[in-house]
Every structure is written in structure tokens, then in C-alpha cells.
*Asks:* 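Questions regarding the structure given below will be posed in turn.
In what follows, every chain begins at residue 1, and chains take the letters A, B, ... in the order their sequences are listed.
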2 protein chains.
Amino acid sequence: MKNNIKVWRAKNDMTQEELSKKVGVTRQTINAIERGKYDPSLELAFSLASFFDCRIEDIFAYEQQKE
Amino acid sequence: MKNNIKVWRAKNDMTQEELSKKVGVTRQTINAIERGKYDPSLELAFSLASFFDCRIEDIFAYEQQKE
DNA sequence: ACAATATGTAATGTATGTTTTACATGGTGA
DNA sequence: TCACCATGTAAAACATACATTACATATTGT
């Protein structure tokens, strides 16, 4: 699962910490997701899409693994 | 978080077990999600949307909690 | 040089998502 | 009635998401 949260953040000119507060998680969580350490919960994905006023698919790209 | 997996299943005339195999989880997982015991991971949400050929937002409805 | 800010990172603990195994119940068809 | 199928459910174990605390590094402005 890839994401472009960093780009969305840049578009909105905000730091990881600012975004984290807006979506109700910690800075470390945003950082870890941006760096691909793990994927967010569906709830957090919705929060991010809601905040950036876009669709989840506009932030996250899912690569099908098996055929 | 609400979902209408049951409706999508009905549209495609398939059982929980059939769907679970298609998206690569167990029957119990589909059952638990349908019954609202917990929300799926973002990955599973993508798998479901991919299988039903729709958007995640067409299956899951997220209710904003704070303001 | 110093302070402040943004980001990376690591350890520990907790909560939640998922599997496995197993059993129970209700409906349906022979 | 009996067998079969779909669904509900529960416990244990494991994997992952997230919080908290803490420290490190790089950049920037003064």
C-alpha cells in the first residue's frame, strides 16, 4: 500500500504534527504511515480523506498481490 | 463505521464463505465485519471494493465524531 | 553559536484485526 | 426425519495499529 500523504501535506502547507492533530492521532503515527512502516486503520484513512476533501483512493494506492 | 457488505453480497448472490475466499480472509472475519464487531483493515477494505468493483465509500460509511 | 522547528527513530505498552478450532442454530431439500 | 448448508458465536493465539516517552539529527533564523 502506497500513499502520498506527504504531497497532500505539502499542498496544504502543513507539518506532520499539524496534520496529526487535525485527524486525531500522534505525530509518530503520521510519520510511520508516510514512511510506509504500516498502513492506517480504515477509520484513519477516512479521517485523512475527509480532511483533505478527497477520496481514500486519492491518497492510498493498493497493489493487488495475487492475480 | 457502517457497511453494506451484506447488500453487495446479495447483489452478487454469494455467501460469506465465498466472499471471504475471494478477498482472502476467513468466513468469521466477513461475518464479524458485517455484524459490526469491528472494522476491517484498510487493505481488506480495498480488497472488498476491488472485488465489488466499487469505491470504498460505496461499502463503508464513516460518521464524523467530533464537531 | 544558539535556539527553535520539523522530521526520523526506538522501546514499551495497549487496543484492535485476523486466524484457527469448535460448536450451535435455522432453513431447505430429499 | 435426516443431511446439508449458511450464519452466528466464542476462546485462544497472533499480527498489526496506535500512544507515550524519549532521544537524535537536520535546517533555519537570529
*Asks:* Show, in sequence, the C-alpha distance, side-chain angles and deciding distance for B:Arg27 and B:Asn31, and conclude whether the side-chain hydrogen bond (donor to acceptor under 3.5 Å, both in side chains) test is met.
*Replies:* CA-CA 6 Å; B:Arg27 177 181 71 81; B:Asn31 184 279; over 6 Å; no

*Asks:* Using atom CD1 of B:Ile5 as one end and atom C1' of D:dA6 as the other, report the distance to the nearest whole Å.
*Replies:* 16 Å

*Asks:* Rounded to the nearest 0.5 Å, how far apart are CG of B:Asp39 and CG of B:Leu44?
*Replies:* 10.5 Å

*Asks:* How far does CZ of A:Phe46 sit from CD of B:Glu57, to the nearest 0.5 angstrom?
*Replies:* 5.0 Å

*Asks:* Taking CD1 from A:Ile30 and P from C:dA6, how many angstroms apart are they, rounded to a whole number?
*Replies:* 15 Å

*Asks:* What is the distance, rounded to the nearest whole Å, between atom CD of A:Glu17 and atom P of D:dT21?
*Replies:*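 To the nearest whole Å, that distance equals 14 Å.
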
*Asks:* Just by distance, no angles: are the side chains of A:Thr26 and A:Thr29 close enough, under 3.5 Å, to form a donor-acceptor pair?
*Replies:* yes

*Asks:* Think A:Gln16 has a side-chain N or O under 4.0 angstrom from the OP1 or OP2 of C:dG8?
*Replies:*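 Checking A:Gln16 against C:dG8: at least one side-chain N or O falls below 4.0 Å of OP1 or OP2.
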
*Asks:* What is the separation between atom CE on B:Met14 and atom P on D:dA6, rounded to the nearest whole Å?
*Replies:*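 Spelled out: CE on B:Met14 to P on D:dA6 is 11 Å.
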
*Asks:* Please determine whether a side-chain nitrogen of the Lys or Arg among B:Arg9 and B:Glu34 lies less than 4.0 Å from a carboxylate oxygen of the Asp or Glu.
*Replies:*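 B:Glu34 and B:Arg9: salt-bridged.
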
*Asks:* Whole angstroms only, please: what is the CE-P distance between A:Met1 and D:dT16?
*Replies:*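 Atom-to-atom, A:Met1 to D:dT16, this comes out as 13 Å.
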
*Asks:* Quick one: does A:Asn3's side chain have a donor or acceptor within less than 3.5 Å of a partner on A:Ile5's backbone?
*Replies:*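 Yes; at least one donor-acceptor contact below 3.5 Å.
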
*Asks:* Has A:Asn31 got a side-chain N or O lying under 4.0 Å from the OP1 or OP2 atom of C:dT7?
*Replies:*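 False: A:Asn31 side-chain N/O out of range (4.0 Å or more) of C:dT7 OP1/OP2.
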
*Asks:* Specify the separation, in whole Å, of atom NZ of B:Lys6 and atom P of D:dA6.
*Replies:*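 Distance check: B:Lys6 NZ to D:dA6 P gives 15 Å.
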
*Asks:* Does a side-chain N or O from A:Arg35 land closer than 4.0 Å to OP1 or OP2 of C:dG8, or not?
*Replies:* no

*Asks:* Treating primed atoms plus P, OP1 and OP2 as sugar-phosphate and everything else as base, which nucleotides of nucleotides 17-24 of chain C get B, S or - for protein heavy atoms under 4.0 Å?
*Replies:* SBBBBB--

